[in-house]
Amino acid sequence: MTAFTVALVLVVAAAGLLRWRRPAWYWLAFGVTLAALRVLVRYRSVMDACGLTVPPARWRLVLARAASRPIPEPRPPRIRRLRPTRTGLVLRLKLRPGQDAFDIAAASDRLRHSFSMFGVTSREVRSGVVEVRMTGYDVLKRVQMPAETETRPMRVPVALREDGAVHYRDYRAIPHALTLGATESGKSVYQRNLVAGLAPMDVALVGIDCKQGVELFPLGRRFSALADSPDAAAELLDALVARMADVYRLIRTQQRITVDVPDAEIAADIWDLPDDLRPTPVVVLVDEVAELALYATKEEERRRDRIITALVRLAQLGRAAGIYLEICGQRFGSELGKGITMLRAQLTGRTAHRLNDETSANMAFGDIAPDAVLAAIQIPAELRGLAIAGDASGGWHRIRAPHTSLRQAVNLCNRYADRTPDLPELAPFRPTTGTATEPVPSAKASPATV
């Protein structure tokens, strides 16, 4: 008995230590089993308490009365599958007649308390089937990306969502995006993760950094073009507009609209072209977009109108030509002048880190997800890297990118420098980086975001 008691105390102490220092290890070792048992044992009573049950069918009541049996109890949604994950549990529920997916979403906070989980989110898989994702611990406190992620061309894993899933930046699905964040909010780290994910791919990176290039020029060996001033940015954007026109001419000549070609093979964008003719896709990263919109003289105003007009054209027409915009800034509001709201309307993806004013949050989410505005302005200053991500569908969720230092991003860009395409239209803007050297060893990345 003494040996058993000592062993039990050691196990409990080890579980407590893991839960404090390594919550992911605790979850995999102890938490997932306890949570699954808790959900299965409490399921019927919790669903009844949360109002997620329906009365029994009439034929059941008739049979119960005819057989002089007790009246059947209300029925909760049927569990079709219970799947453990590295961060929590996934429940797939079959709704009863009369129930709606919104009922599950509205009760998510009550389910979180009742099942003693850290977070509960839900989504409708198809008609009558809802997937409930439960997280067993705060996955955004110490971000650890999965060892294996689902990657494909123009789809980059950049952050972790609050439900434990990976947040991807998919340029094929969402071609243009707006990323906002105040100073020291984690916006630059998010941008580095984006560049690091794109570096191994067959894509041309184009950067506009009006802070004299301090953010993007260290990554210059992987960039096909860089601009560090509004004047250079205006010239670079004009070159991109000219490239877009050339790509459209190529697509038009290769559309293969003949009576002998099935409709499915007609080309309408670069991804419909043969591999040997397909132009290299271009991702344009604009850092501090407000610097491009500010002016003090008439000459600067003309330059500003030229820049905003080029950005709007690229946002409206660039998708089919394989040109994708990633607009970043600390501030984004209508006071930046005409054309700004038109530009925002074309930026489908929205990501907002901590913001200093509600106006920027409204510019990010006011037209697609008003309830995300409050979540964006409530991000605490000590949680750098925490952000709200949404899109034009109205859905949004909290994300946090793993910390990537500038040194680590530079090493990665140097490693894939040979994949940098040489685009003739952008040759005058190719950064001068000198001879490539071996990457400088860096400390192992901290899982916490700074």
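Just so we're clear, the structure is a prediction, and the values are computed from it rather than from any experiment.
Using a distance-only test at 3.5 Å, with no hydrogens or angles considered, a donor-acceptor pair links the side chain of R278 to the main chain of I270. Counting only distance, with no hydrogens or angles, the side chain of E300 and the backbone of A296 share a donor-acceptor pair below 3.5 Å. For R96 (side chain) and P76 (main-chain N/O), a donor-acceptor pair under 3.5 Å exists by modelled atom type. Checking side-chain atoms of R243 against main-chain N and O of P424 turns up no donor-acceptor pair under 3.5 Å. Under a 3.5 Å cut-off, the side chain of R221 and the backbone N or O of C413 do not form any donor-acceptor pair. For the pair S224 (side chain) and D422 (backbone), a donor-acceptor distance under 3.5 Å is absent.
The aromatic rings of H167 and H397 sit perpendicular to each other, their planes meeting at more than 60°, with 30° as the lower class boundary. Taking the six-membered ring where the residue is Trp, H353 and Y190 present perpendicular rings, their angle passing 60° and hence far from 30°.
Between E326 and Y171, the side chains place a donor N or O and an acceptor N or O closer than 3.5 Å (distance only, hydrogens not considered). If you check the side chains of R415 and N411, you find no donor sitting under 3.5 Å from an acceptor. Side-chain atoms of N193 and T404 form a donor-acceptor pair, as typed in the model, at a separation below 3.5 Å. With no hydrogens or angles considered, no side-chain donor-acceptor pair links S122 and E131 at under 3.5 Å.
Both tests hold for R172 against W271: distance to the six-membered ring centre under 6.0 Å, angle to the ring axis within 45°. Both the sub-6.0 Å distance and the 45° axial angle are not jointly satisfied by R304 relative to the ring of Y295.
Under the 4.0 Å criterion applied to side-chain N and carboxylate O atoms, R302 and D305 are not assigned as salt-bridge partners. We find that R306 and E235 are joined by a salt bridge, their nearest charged nitrogen and carboxylate oxygen being less than 4.0 Å apart. With respect to E382 and R354, no salt bridge is recorded, no charged nitrogen being found less than 4.0 Å from a carboxylate O. The residues D109 and R112 are annotated as salt-bridged, a charged nitrogen and a carboxylate oxygen being separated by less than 4.0 angstrom.
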Practice problem: Before giving the answer on salt bridge (charged side-chain N to carboxylate O under 4.0 Å, His left out), spell out for R152 and D170 the whole-Å C-alpha distance, their side-chain angles and the decisive distance to 0.1 Å. | Solution: CA-CA 9 Å; R152 56 176 180 259; D170 191 343; 3.7 Å; yes

Self-check item: Candidate pair V203 and R222, rule side-chain contact (heavy atoms from CB on, under 4.5 Å), full reasoning
Solution: CA-CA 10 Å; V203 60; R222 187 55 186 86; 4.0 Å; yes

Exercise. Check step by step if side-chain contact (heavy atoms from CB on, under 4.5 Å) holds for T87 and Y137.
Key: CA-CA 7 Å; T87 59; Y137 59 96; 3.6 Å; yes

Exercise. Apply side chain to side chain donor-acceptor pair (under 3.5 Å) to the pair R133 and T121, showing each step before the final yes or no.
Key: CA-CA 5 Å; R133 299 185 68 95; T121 59; 5.5 Å; no

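Atom NE2 of H403 and atom CZ of R192 lie 7.0 Å apart (nearest 0.5 Å). Atoms OG1 and CD, from T341 and Q346 in turn, are 11.0 Å apart once rounded to the nearest 0.5 Å. Expressed to the nearest 0.5 Å, how far CG of L219 lies from CG of L226 amounts to 8.5 Å. To the nearest 0.5 angstrom, T149 atom OG1 is 5.0 Å from Y168 atom OH.
Atom CZ of R319 has 12 or fewer heavy atoms from other residues, nucleotides or ligands within 6.0 Å. Within a 6.0 Å radius of CD in Q316, other residues, nucleotides and ligands contribute more than 12 heavy atoms. Shown here is K94, whose NZ atom has more than 12 heavy atoms of other residues, nucleotides or ligands within 6.0 Å.
Each of T351, L180, T179 was evaluated against K187; a single residue qualifies, T179, per the side-chain contact (heavy atoms from CB on, under 4.5 Å) test. Of the listed residues (L205, L412, V283), just one forms a side-chain contact (heavy atoms from CB on, under 4.5 Å) with V195, and that residue is L205.
Shown here are the side chain to side chain donor-acceptor pair (under 3.5 Å) partners of S188, two or more places apart in sequence or in another chain: E215. Qualifying salt bridge (Lys or Arg N to Asp or Glu O under 4.0 Å) partners for R83, counting only residues two or more places apart in sequence or in other chains: none.
Note on residues 329-350: no pairs pass ring-ring contact (aromatic ring centres under 6.0 Å, His included), not counting sequence neighbours.
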